[in-house]
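Naming: A, B, ... by sequence-line order, numbering from 1 per chain.
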Amino acid sequence: MDSVRSDPATSRGQWPGGPAVALKILVAGGFGAGKTTLVGAVSEIRPLRTEEQISELSRPIDDTSGVEAKRTTTVAMDFGRIDLREGLALYLFGTPGQDRFWFVWDELAQGALGAVVLADTRRLADCFPSVDFFEQRGIPFLVAVNCFEGTEVFAPEDVRSALDLDPGVPVLLCDARSREDGKNLLIALVEHAADRRAGAVVPSA
Amino acid sequence: MTEAMTEGTGQEPEEGASAPRPAADVQWYDDDAGPMVRLFSMTKGRARPTEEGLFDLISMIAATDRAEDADGEGEAALDLEHHSILTWCRREPLTVAELGSYTDLPVSVVRVLLGDLYDAELITVTRPVPLAQLPDERLLRDVINGLRAL
Ligand SMILES: Nc1nc2c(ncn2[C@@H]2O[C@H](COP(=O)(O)OP(=O)(O)OP(=O)(O)O)[C@@H](O)[C@H]2O)c(=O)[nH]1
Ligand SMILES: [Mg+2]
């Protein structure tokens, strides 16, 4: 594809103040929890997707032959970009929803500022693996309860105890389709990350 | 242009469906599928770029001045896909992830092609700053203020 972009973004890259800084935030959660929706809601550019190809040995689930076959798997990743100011951009990556792709998570988690774990109250347990993942790696995260219509409304504290979260982990309610909610989630997450890094509260501007 | 994601934009989840949905995010290609063969030959079977970790998903790629005026002989050895990548990042620096999306190439392939362009000094690469080295307090406050201002 050799077309040029039709949506000229503000130019980035080298700035008088130094090279551009790109930060990464992950959006995790179980199947259908609203990850793609959230990434799209807060991104300034149209949500993008890119693929990672992985060679893996026999797939334990349906490889019945017992022979180790090498095959190539394609994992798609959703992501979006938010330009915060000149030379500072935030990239949101939706994590693949399957356990088999933990190694992709590992790459994504490298250097990540933090993570939003989306919880669907109809299948709360689906976000356990994500919570575990970020807890174990010491990556700051918060839990965002995606309030689908027609589902029982949970109090954040109920979700916290159901997921056995540390008292310090923020739990927020959200509608993943709402840009404003998404923005507030990200602000809460970065504040949480700042608290954890500094061991002190970042004064609100 | 790149296809936008289509999943998740139209359909509502089935009411009360509790069985795990098939992962729309995950696609399988068989080893013998056409695209794989094509990509393999494009990268000449190379699996890794020269320098490990250089092409992080959020490493920023910019075309060099050399690339600006090298449209003739210097780039003759480049494939169509190299040119495609150069065209994209000539306009503005883009991340590896963005280049993968815009060129419709898997990130692993983009990394190999970027390795070639890097060796030919047609691009510059800005790696993400390791978080431990960031002047975090100020930067994080910038992020928070930037988000508030959206
Ligand atoms: N009513 C309602 N629907 C939502 C909300 N968030 C997401 N959806 C819908 O729920 C479905 C799943 O959302 P996705 O964003 O695709 O979820 P996902 O986590 O990316 O799903 P996978 O990638 O398949 O794991 C889509 O049809 C969305 O339109 C929400 O807050 N409210
Ligand atoms: Mg998705």
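- Using a 4.5 Å cut-off between heavy atoms, A:E107 contacts chain B through its side chain alone, with no backbone atom that close.
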Between A:E44 and A:K183, does the salt bridge (charged side-chain N to carboxylate O under 4.0 Å, His left out) criterion hold? Intermediate values first, please. CA-CA 12 Å; A:E44 284 172 331; A:K183 212 177 100 172; over 6 Å; no
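- Using a 4.5 Å heavy-atom threshold, the side chains of A:L90 and B:L147 count as touching.
- For the pair B:S59/B:T95, no side-chain contact is recorded, criterion being any heavy-atom separation below 4.5 Å from C-beta on.
- Partners of A:F93 by ring-ring contact (aromatic ring centres under 6.0 Å, His included), not counting sequence neighbours, listed by chain and number: A:F79.
- With a 4.5 Å cut-off on non-hydrogen atoms, A:I187 touches chain B through its backbone and its side chain both.
- Residues of residues 132-141 of chain A lying under 4.5 angstrom from chain B, judged on non-hydrogen atoms, do not exist.
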Determine, stepwise, if the pair A:E191 / B:R148 fulfils salt bridge (charged side-chain N to carboxylate O under 4.0 Å, His left out). CA-CA 12 Å; A:E191 280 175 342; B:R148 286 215 174 97; 2.9 Å; yes
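- Here the CG atom belonging to A:L113 is positioned 6.5 Å from the CG atom belonging to A:L189, to the nearest 0.5 angstrom.
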Might you work through the salt bridge (charged side-chain N to carboxylate O under 4.0 Å, His left out) test for A:R179 and A:D181, ending with a clear yes or no? CA-CA 5 Å; A:R179 179 173 163 84; A:D181 281 11; over 6 Å; no
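- In terms of heavy-atom pairs under 4.5 angstrom with chain A, the leader among B:P128, B:C89, B:A97 is B:A97.
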